[in-house]
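What follows is one structure encoded as structure tokens, with my remarks underneath.
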Amino acid sequence: MEYGFRSIEKKWQDAWKQNNSYSVKNDPSKPKYYVLDMFPYPSGAGLHVGHPLGYIASDIFSRYKRLKGFNVLHPMGFDSFGLPAEQYAIEHGIAPAISTNQNIENFISQLDKIGFCYDWNREVRTSNPDYYKWTQWIFLQLFDAWFDRKSQTAKRIDELVLIFSKEGNPSIACPGDKKLFFSASDWNSFNEADKESVLMKYRLAFCGVGEVNWCEALGTVLANDEVINGVSERGGHPVVKKKLRQWYLRITEYAERLLAGLETVDYSESMKDMQSNWIGKSFGAEIDFEINSENELALGKNLKVYTTRPDTIFGVDFMVIAPEHELVSQITTEVQADAVSQYVEYVNSRSERERMAEKKISGVFSGSYCKNPFNGVLIPIWISEYVLAGYGTGAIMAVPCGDERDFKFAQHFDIPVTNIIGDFFDGKEANPTKEARLENSGFLDGLLMTEAMVVALNKIEEIGIGKRQTNYRMRDAAFSRQRYWGEPFPIVWKGDVAEPLSEASLPVELPPMTDLKPGPDAQGPLANLPDWVQYEGGIREVNTMPGYAGSSWYFLRYMDPKNEHEFCSREASDYWGQVDIYIGGTEHAVGHLLYSRMWTKVMFDLGYIGFDEPFKRLVNQGKIGGDSRLVYRVRGTKQFVSAGLKDAYETDEIHVDVSLVDGFELNMEGFKKWKPDFLGAEFITEDGVYKCGGRLEKMSKRYFNVVNPDDIVVKYGADTFRMYEMFLGPVEQDKPWDTKGIEGVHRFIKKFWRLFFDVEKGLVVNTSAADAASWKVFYKMLKKVEEDTARFSFNTAVSGFMIGVNELTDLNCHAKELLEKFLVILTPYAPHICEELWSQLGNVGSVLDAEYPVLEEKYLIETSKEYPVAVNGKTRIVINLELSATQEEVEAIVLKEPMIIKWLEGKPPKKIIFIKNKMINVVV
RNA sequence: GCGGGUGUGGUGAAAUUGGUAGACACGCCAGACUUAGGAUCUGGUGCCGCAAGGUAUGGGGGUUCGAGUCCCUCCACCCGCACCA
């Protein structure tokens, strides 16, 4: 019987669906294991061969865990809100809900062909009202919470109101407005609107006016991580700063816990680094400098700077403040007024993009000075865009001998440089060392900079001109979009007061719309629906939530997907707990992963779940790149020249569809028919063959290098496809797709099949006992495969299977008792063929419910070993020795070996090193 | 610039702890069965050499009886961040 994979795979995929084979219950009697894939955005392009890599790995791991007796949660869903569906709707007039559902159907059909063991009963779609009802509900929890810095937890707004009414806010610094202070009696005298505006400055989800990243082309605001080098991540459109009323998440309050939490999870070093760099914690001091100015407005004012190097305070040669700094107008002197206003105007005219692109040194002197509190020296205050308004205090003390940017600025404007680090400074380049002994530094003279840091900090605090200060680079996350295809906010505006809707009125459903043009005043499309906007005597919020809203908590919904009363019951989340293993790409390092970590912490703080890190272990699968093929057209002609000859011509390279190329050889007839342009193509060949050029690049439609998994599955079957993707190399590594190598894996599967079936004789499995040699092969394989699977080394596990099949074939082993066990351990990798053979052997039920074989060490015990014998570290011969051999015995045997005697060249051995079970080395 | 990672045959890659470098495959070469093969099977295949042997894990140096693995140094490539004081 032939291995007919097409009918076998179809048969079992249907059977699994019919029998609900992969449905999983919340069963506290069994140990749980939660394996999660990052759910996809269902794009119109469908899956290419790179997407399933992580899914296959997680599928193998899930099946393996299930066989090992765990109750495994392995769900899949769709991150179905987002920009592309909306753009598609604008371009093609198809409602996002419709195109999204079509795309999802397509995704599911592609996934099902690969034989994944998802429990589709638990599927979630972020754009379904039953799902986003709870996204909105969680938003209301964020809205109704503030962060208590003392206990480092989120608490309810009620509690804050109570504190305010008793003692005002002196003990609870306002995160939204550092200068806001009021007493209990102030609070009690505020009217409702005033109180609400104060509370808004504390809420974890809050509305504020701020500079946002505005993208004109997309007609929306983007989060910082959606802006790359001043252009939008999606589409590459220019992004400028714009002031708009926006919703935000106060993620900055969680900076410390997000940082600390990294210590408790198993992510890769680079992932942890990316996150902690993004959070960007730094230690330093805020120091007040007395301003000395001719401008009366500056009288008695201080300039507050932030520095991480208070030890260099005697090296300060100038101050720099951001052009947006509030003191700019107050410290500008009459003489400098024109220059300053010109400069500020110039800075405002520059877009974010320009600022990033050309980093030229620019700035202007304000005309005023600061006084160094320790030596009374007057320090000029400059204004320059290299200091950012949004970080620290928006003002710095510049120490050119120690800071590169300060040094360049000083050079550019001829500001004299004070050297406080002696020989460490050569006058040509700043030296940011911390190892120098300080000079010209008053009371810090002679101290090592690292020591001086503490001394200076203490002194600064002692005389009351500043304090220690920790800063974070991370900003609050913009949480609203002027778009249609996202979750509506459960908020109604009554005047300037944002009123949350009650839980009973959720979900706030997205009203159907066909024409998605933007509303007036840069508002989203929803603003065009007056009937919807008017609601209960107020006006609905017309922004929608960003793409990351739904994905910040979906892993919780899978635990209890049909619950109509709660986002997820506490019982379910207590049982399933953290995601044990989370698999996905690195592109979500600072977006999705950080937001879901924050949401989890808030839900934990408010008592809805029992853990505060969502993902215990994170594995980042590599990207599979495309292997493009290129043809070379002789410029201005219809002639195409083969790659080996192209240098003799002036050519233009053109990407050609990889399906028209076998290896590097072009199918010339196919090429002519591919596009009308090429109909009359002529070829300059090498011996009748047209060879294409090759290039590794992203797998993408526009390079015509996309390989669709469906095609591979049709040609080789899902089992081969799954194993080949794993065999390609380590899951975490990027690698190019190469269809050629798949033959080897396919051969392996066919060879495996032949252990059971002979083309002529049919079933060849027998019921006689397997011999010890076969068992040894089997258990050796079991050991390797199990260890490799457990440590996510799937490529070596596949090779373990190959070795097993090769050796069992050589041993002519067809014993049922052994092959049945083999089926069980291969099932995670190649589920269809194993299910088929399992039933062919007469078993009832699924191989997934079989028992995972237990390693029997007795078959692996060796009594002797082939020892390599080296002379001075170079292996010369291999000899077989009993494992019980002692040092003396080994020495005697080795020294009698003719080859060893030859290599000793008559010299006496100095030492013989014998490492049991490893090797022997004779030292001369 | 800062942080992280990777460099091993013609190719994808192996080598948990320092112990026979290149497992397992692809490709290639030779052969068998074949009208034929892009099916299947057998053998070979890092490089130099007829061989004995030599030589090889990006380059250089070190530690060690022994280094792909540990240390120092330099180089190349990839990813992330980037005026964050």
Side-chain angles (χ1 to χ4, degrees), chain A residues 225 228-229 268-278 280-282 284 305-309 312 320 355-356 359-361 384-388 390-399 402-406 408-409 432 471-475 586-587 589-590 620 622-623 662-663 724 727-730 732-745 747-748 750-751 754 759 784 787-788 790-791 793 795-806 809 866-878 909-924:
Chain A
D225 52 285
I228 312 287
N229 292 329
S268 70
E269 274 315 300
S270 65
M271 179 60 62
K272 287 185 181 182
D273 280 341
M274 273 189 242
Q275 294 207 357
S276 53
N277 288 344
W278 185 260
K281 183 177 186 173
S282 71
V305 302
Y306 176 71
T307 180
T308 55
R309 295 299 300 273
T312 62
V320 188
R355 278 214 215 179
M356 297 234 187
K359 293 172 183 169
K360 61 180 185 195
I361 299 166
S384 170
E385 64 177 355
Y386 89 86
V387 170
L388 307 176
Y391 183 77
T393 61
I396 63 155
M397 54 178 230
V399 183
D403 184 282
E404 196 194 331
R405 292 152 308 175
D406 297 347
K408 286 195 174 139
F409 193 88
N471 271 341
Y472 300 92
R473 191 178 330 199
M474 182 169 60
R475 310 293 158 82
T586 48
E587 64 271 21
V590 293
N620 299 113
K623 285 192 204 20
D662 181 16
Y724 180 55
F727 190 58
L728 234 35
E732 299 186 73
Q733 195 172 298
D734 288 351
K735 54 218 151 203
W737 175 262
D738 170 21
T739 304
K740 285 221 140 173
I742 201 168
E743 297 284 352
V745 175
R747 260 173 230 155
F748 153 77
K750 285 190 284 188
K751 201 166 176 181
R754 288 200 298 271
V759 186
K784 175 163 181 58
E787 281 170 5
D788 288 350
R791 67 185 172 104
S793 177
N795 55 328
T796 53
V798 173
S799 110
F801 284 123
M802 287 174 168
I803 294 167
V805 166
N806 289 343
T809 303
E866 300 281 320
Y867 280 93
V869 185
V871 178
N872 282 342
K874 270 200 167 58
T875 306
R876 296 302 178 185
I877 54 164
V878 176
K910 202 190 278 175
K911 197 156 90 179
I912 295 177
I913 292 165
F914 169 57
I915 313 282
K916 198 168 175 172
N917 217 357
K918 288 268 176 356
M919 53 89 69
I920 297 158
N921 190 12
V922 183
V923 186
V924 188

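The sequence lines fix the lettering, A, B, ..., with proteins before strands; numbering per chain opens at 1. When reading the values below, keep in mind they use all heavy atoms of this one structure, side chains included, and skip hydrogens, waters and symmetry mates.
Between the P atom of B:C78 and the CD atom of A:Glu732 lies a distance of 21 Å, rounded to the nearest Å. The NZ-C1' distance, from A:Lys750 to B:U40, rounds to 9 Å in whole Å. B:A13 atom P lies 5 Å from atom CD of A:Gln733, rounded to whole Å. Atom NZ of A:Lys910 and atom P of B:U64 are 12 Å apart (whole Å). The distance between atom CD of A:Glu269 and atom C1' of B:C81, rounded to the nearest whole Å, is 16 Å. Atom pair A:Met919:CE and B:C65:C1' shows a separation of 8 Å (rounding to whole Å applied). Taking atom CD1 of A:Ile361 as the reference point, atom C1' of B:C83 lies 11 Å away to the nearest angstrom. Straight-line distance from the NZ atom of A:Lys784 to the C1' atom of B:U16: 10 Å, rounded to whole Å.
When the C1' atom is used for both B:A85 and B:C75, the distance is 33 Å, rounded to whole Å. A distance of about 10 Å separates the P atoms of B:C70 and B:U6, rounded to the whole Å. Rounded to a whole angstrom, the distance from the C1' atom of B:G66 to that of B:G19 is 7 Å. Distance check on atom C1': B:G38 versus B:C26 gives 15 Å, rounded to whole Å. Annotation: B:G10 and B:G46 have their P atoms spaced 11 Å apart (nearest Å). Using atom P as the reference point in both B:G43 and B:A23, the two lie 15 Å apart (nearest Å). Across the C1' atoms, B:A56 and B:C48 are found 11 Å apart, a figure rounded to whole Å. The same atom, P, is picked in B:A21 and in B:U69; the two are 14 Å apart, to the nearest Å.
In this model, a side-chain donor or acceptor of A:Asn921 finds a partner on the base of B:C65 within 3.5 Å. Residue A:Arg791 places a side-chain atom within donor-acceptor reach of the base of B:U16, judged by atom type and a 3.5 Å distance cut-off alone.
Pair assignment for B:G68: none, as no Watson-Crick or G-U wobble contacts are both less than 3.5 Å. Pairing for B:G1 is with B:C81, a Watson-Crick or G-U wobble pair whose two hydrogen-bonding atom distances lie under 3.5 Å. The partner of B:G31 is B:C41, by the rule that a Watson-Crick or G-U pair needs both atom distances under 3.5 Å. Pairing for B:A76 is with B:U6, a Watson-Crick or G-U wobble pair whose two hydrogen-bonding atom distances lie under 3.5 Å. A 3.5 Å limit on both hydrogen-bonding distances identifies no Watson-Crick or G-U partner for B:A13.
A heavy-atom distance below 4.5 Å is found between the side chains of A:Trp737 and A:Leu728. Between A:Val924 and A:Lys910, the closest side-chain pair of non-hydrogen atoms is not below 4.5 Å. In this structure, the side chains of A:Tyr306 and A:Asn471 come closer than 4.5 Å at one or more pairs of heavy atoms. With a 4.5 Å cut-off on side-chain heavy atoms, A:Phe748 and A:Ser799 do not count as touching. At least one side-chain heavy atom of A:Tyr724 sits less than 4.5 Å from a side-chain heavy atom of A:Asp738.
At B:C26, one or more side-chain N or O atoms of A:Arg747 fall inside 4.0 Å of OP1 or OP2 (strictly under the cut-off). A:Arg754 has a side-chain polar atom (N or O) that falls below the 4.0 Å cut-off from OP1 or OP2 of B:C41. A sub-4.0 Å separation between OP1 or OP2 of B:A14 and a side-chain N or O of A:Asn795 is present. Look at A:Lys874 and you'll find a side-chain N or O under 4.0 angstrom from OP1 or OP2 of B:U55. The phosphate of B:A85 has neither OP1 nor OP2 within less than 4.0 Å of any side-chain N or O from A:Tyr386. Proximity of A:Ser282 to the phosphate of B:A85: a side-chain N or O atom is located under 4.0 Å from OP1 or OP2.
Picking from B:G12, B:U16, B:C83 the nucleotide with the shortest atom distance to the side chain of A:Glu787 gives B:U16. Checking B:G4, B:C83, B:A82 against the side-chain heavy atoms of A:Glu385 singles out B:C83 as nearest. Of all nucleotides listed (B:U20, B:G80, B:A85), B:A85 comes nearest to the side chain of A:Ile396. The side chain of A:Thr796 sits closest to B:A14 out of B:U20, B:C65, B:A14. The listed nucleotides are B:C24, B:G53, B:G19; the one nearest the side chain of A:Arg876 is B:G53. The side chain of A:Lys735 sits closest to B:A13 out of B:A13, B:A25, B:A85. The side chain of A:Tyr391 sits closest to B:A85 out of B:A85, B:G4, B:C41. The A:Phe727 side chain lies nearest to B:A25 when the options are B:C65, B:G3, B:A25. For A:Asp273, whose side chain is taken as the heavy atoms from C-beta onward, the closest listed nucleotide among B:G4, B:A23, B:G19 is B:G4.
Nucleic acid contact for A:Ile913: base, since at least one base atom lies under 4.0 Å from a heavy atom of the residue. Counting any heavy atom pair closer than 4.0 Å across all strands shown, A:Ser270 reaches sugar-phosphate atoms only and no base atom. When heavy atoms are screened at a 4.0 angstrom cut-off, A:Asn806 is found touching the sugar-phosphate backbone but no base atom. In this structure, A:Pro736 reaches neither bases nor backbone, as no heavy-atom distance under 4.0 Å exists between it and the strands shown.
With A:Tyr867 as reference, A:Ile920 is the one residue of A:Ile920, A:Val878, A:Ile877 to meet the side chain to side chain contact (heavy atoms under 4.5 Å, CB included) rule.
With RNA chain B read from its 5' end, the first of the two nearest nucleotides for A:Leu728 and A:Ala395 is the one closest to A:Leu728. Heavy-atom nearest nucleotides on RNA chain B were determined for A:Thr307 and for A:Asn917, and the one closer to the 5' end corresponds to A:Asn917.
A glycosidic torsion no more than 90° from 0 defines the syn conformation; B:G59 lies beyond that range and is anti.
No more than 12 heavy-atom neighbours from other residues, nucleotides or ligands sit within 6.0 angstrom of CD on A:Glu404. Within 6.0 Å of atom NZ in A:Lys784, more than 12 heavy atoms from other residues, nucleotides or ligands are found, so the atom counts as buried in its surroundings.
Salt bridge absent: A:Glu787 and A:Arg791 never bring a charged side-chain N and a carboxylate O closer than 4.0 Å.
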